[in-house]
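Just so you know, these numbers come straight off a predicted model, no measurement behind them.
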Amino acid sequence: MKAVFLFLLMLTGISHSCIAQTETTPTEAVRATLMNYINGRNQGDIERLRSAFHPEADLRYLRNDSSFTIWPVQDYISRIQPGRTANCIARIISIDIVGVGAQAKIELEYPNRKYADYINLLKVDGEWLIAVKTFSVEPIDPTKHILFVLTSHEEMGNTGRPTGLHLGEVTHAYRPLIEAGYEVDFVSPKGGAAFMYGTDLNDPNNLWFVQNPNAYYRFTNAMSPNQIDATRYAAIYFVGGHGTMWDLPEHQELGEITRIIYEQDGVVAGVCHGPSGLVNVRLSNGEYLVANKRMTSFTDQEETAARAQDIVPFMLETTLRERGAIFIGADNWQENVIVDERLVTGQNPASARGVAERMIGLLGQR
């Protein structure tokens with residue numbers, strides 16, 4: 001039911017910040033149980049971990065010899081070392097609730113391996129408890145991980161008009177990357193979700209994306225920068241939308257993440273207003289990342305045509321040129337993708353798929 005509700009809200013263009021305010025009590029309660037499991041496990045808090053499970057719960061998995069194994073939860077908990085913190089990033093990927101039953105998917109990512117937990121919960125005496133956990137593990141290939149950067153900003157200057165990210169610039173890049181075998185994580189300055197526009201569901205990529213529960217859940221529950229280990233990513237892609245102009249240029253943590261990815265031979269990309277997140281990124285030698293690079297972005301001419309030149313905090317094309325970029329623009333609203341070594345930029349929403357395709361080509365050469 002929640003997936004349908006989210007879809008209908010998307011259809012009317014309502015911000016996900018509104019969705020968060022209408023989250024149901026059962027979802028909140030299930031999430032609280034899942035967080036007891038995650039934090040209890042990752043922080044070595046035995047009592048908190050125990051509180052998430054029914055006393056007769058069990059874990060089910062296949063051993064390396066493919067033999068089916070049922071592991072009583074009390075035996076599992078006894079293996080957790082009290083007070084030991086795990087080097088692990090945990091994400092709740094999805095939650096589905098029907099009556100007194102629920103199912104959730106959680107990812108637990110370590111530096112060199114990732115677990116997928118499929119959690120079945122039951123509401124017992126008014127309390128949601130984990131009844132069964134099925135899990136699997138696979139090695140992590142850092143050459144297959146890409147980080148999408150989203151804006152958290154939601155107001156167009158002092159106009160009172162909403163802004164944020166452009167959904168099409170997410171979906172038209174996300175889909176070809178996923179279909180090419182890459183895995184995508186989302187990060188934003190504040191984490192969570194922000195207002196989005198460009199939400200036309202007659203666009204098949206937008207429709208495919210919002211109907212994909214794993215993709216849409218990750219997208220609307222973006223991580224915050226302090227949760228990101230930049231060494232795990234082969235590429236970073238800055239999604240556009242006017243909101244980026246306010247919160248990405250001065251964000252030092254995201255700038256540092258970008259520097260690390262680029263200097264470990266990763267690909268840096270952005271589309272439309274997304275390259276605003278690059279204007280202040282400096283490399284270890286002190287030079288701007290964009291200096292002497294052929295690139296593009298939403299042009300000053302397009303900004304003027306959109307009547308936003310007196311609203312945005314700076315003109316993006318002009319600022320990139322001031323940072324030493326070799327700016328290459330096309331006519332308004334025309335697809336334009338520029339590649340210079342491991343920097344890939346697109347001019348406007350029409351360029352998002354082209355950016356992804358060039359990223360795939362570069363990553364395939366590594």
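Using a 4.5 Å cut-off on side-chain heavy atoms (C-beta onward), L59 and V73 make contact. Between C88 and Y115 the shortest side-chain heavy-atom distance does not fall below 4.5 Å.
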- request: Starting from the C-alpha separation in whole Å, work towards a yes-or-no answer on salt bridge (Lys or Arg N to Asp or Glu O under 4.0 Å) for E28 and R31.
  value: CA-CA 5 Å; E28 294 173 346; R31 179 182 290 276; over 6 Å; no
task: Decide yes or no on salt bridge (Lys or Arg N to Asp or Glu O under 4.0 Å) for K114 and E183, but give the supporting numbers first.
output: CA-CA 12 Å; K114 181 173 70 175; E183 184 169 338; 2.6 Å; yes
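The heavy-atom pair separating P176 from T171 by the smallest distance is CD-O, 4.3 Å. Minimum interatomic distance between L150 and L248 (heavy atoms only, all atoms of both residues): O-CD2, 4.1 Å. Residue G99 comes nearest to W128 through the heavy atom pair O-CH2, 3.6 Å, listed as atom of the first residue, atom of the second, then distance. Shortest non-hydrogen contact noted between V279 and P249 is CG2-CB, 3.8 Å. Considering all non-hydrogen atoms of both residues, S188 and A222 come closest at OG-CB, 3.9 Å. What you find for R259 and S284 is that their closest heavy atoms are NH1-OG, 2.9 Å.
The ring of F219 has its center closer than 6.0 angstrom to the ring center of F209.
Atom CD1 of residue I77 and atom CZ of residue F53 lie 6.0 Å apart, to the nearest 0.5 angstrom. In this structure, CZ on F327 lies 6.0 Å from CZ on R321, to the nearest 0.5 angstrom. The CG atom of N42 sits 9.0 Å away from the CE atom of M35 when rounded to the nearest 0.5 Å. To the nearest 0.5 angstrom, K133 atom NZ is 13.5 Å from R60 atom CZ. To the nearest 0.5 angstrom, I130 atom CD1 is 6.5 Å from I106 atom CD1. Atom CG in D310 sits 8.5 Å away from atom CE in M315 (nearest 0.5 Å).
At most 12 heavy atoms of other shown residues, nucleotides or ligands fall within 6.0 angstrom of atom CG in N64. Within a 6.0 Å sphere centred on CG of N158, other residues, nucleotides and ligands contribute 12 heavy atoms or fewer. No more than 12 heavy atoms of other residues, nucleotides or ligands sit less than 6.0 Å from atom NZ of K190. Around the CG atom of D65, the shell of radius 6.0 Å holds more than 12 heavy atoms that belong to other residues, nucleotides or ligands. The number of heavy-atom neighbours closer than 6.0 Å to CD of Q252, taken from other residues, nucleotides and ligands shown, is 12 or below.
The side-chain tip of R342 points at the ring of Y262 from less than 6.0 angstrom away and within 45° of straight on. The cationic atom of K105 (NZ for Lys, CZ for Arg) does not lie both less than 6.0 Å from the six-membered ring centre of Y118 and within 45° of the ring axis.
Under the 3.5 Å distance criterion, with hydrogens and angles disregarded, a donor-acceptor pair is assigned to the side chains of Q227 and S224. At a cut-off of 3.5 Å, with distance as the only test, no side-chain donor of N336 or S351 sits close to an acceptor on the other residue. A donor-acceptor pair shorter than 3.5 Å cannot be found between the side chains of E127 and H54. Under 3.5 Å, the side chains of H273 and E302 contain no donor-acceptor pair of N or O atoms. No hydrogens or angles considered: nothing links the side chains of D300 and Q309 as a donor-acceptor pair under 3.5 Å.
Under the 4.5 Å side-chain heavy-atom criterion for ILVMFWY residues, a single connected hydrophobic cluster contains both L108 and F135. Using a 4.5 Å cut-off between side-chain heavy atoms of Ile, Leu, Val, Met, Phe, Trp and Tyr, with links allowed through other members, I140 and I146 fall into different hydrophobic clusters.
Looking at R232, R91, H145 one by one, the single match for side chain to side chain donor-acceptor pair (under 3.5 Å) with D185 turns out to be R91.
In this structure, the side chain of D340 does not engage the main chain of K293 through any donor-acceptor pair within 3.5 Å.
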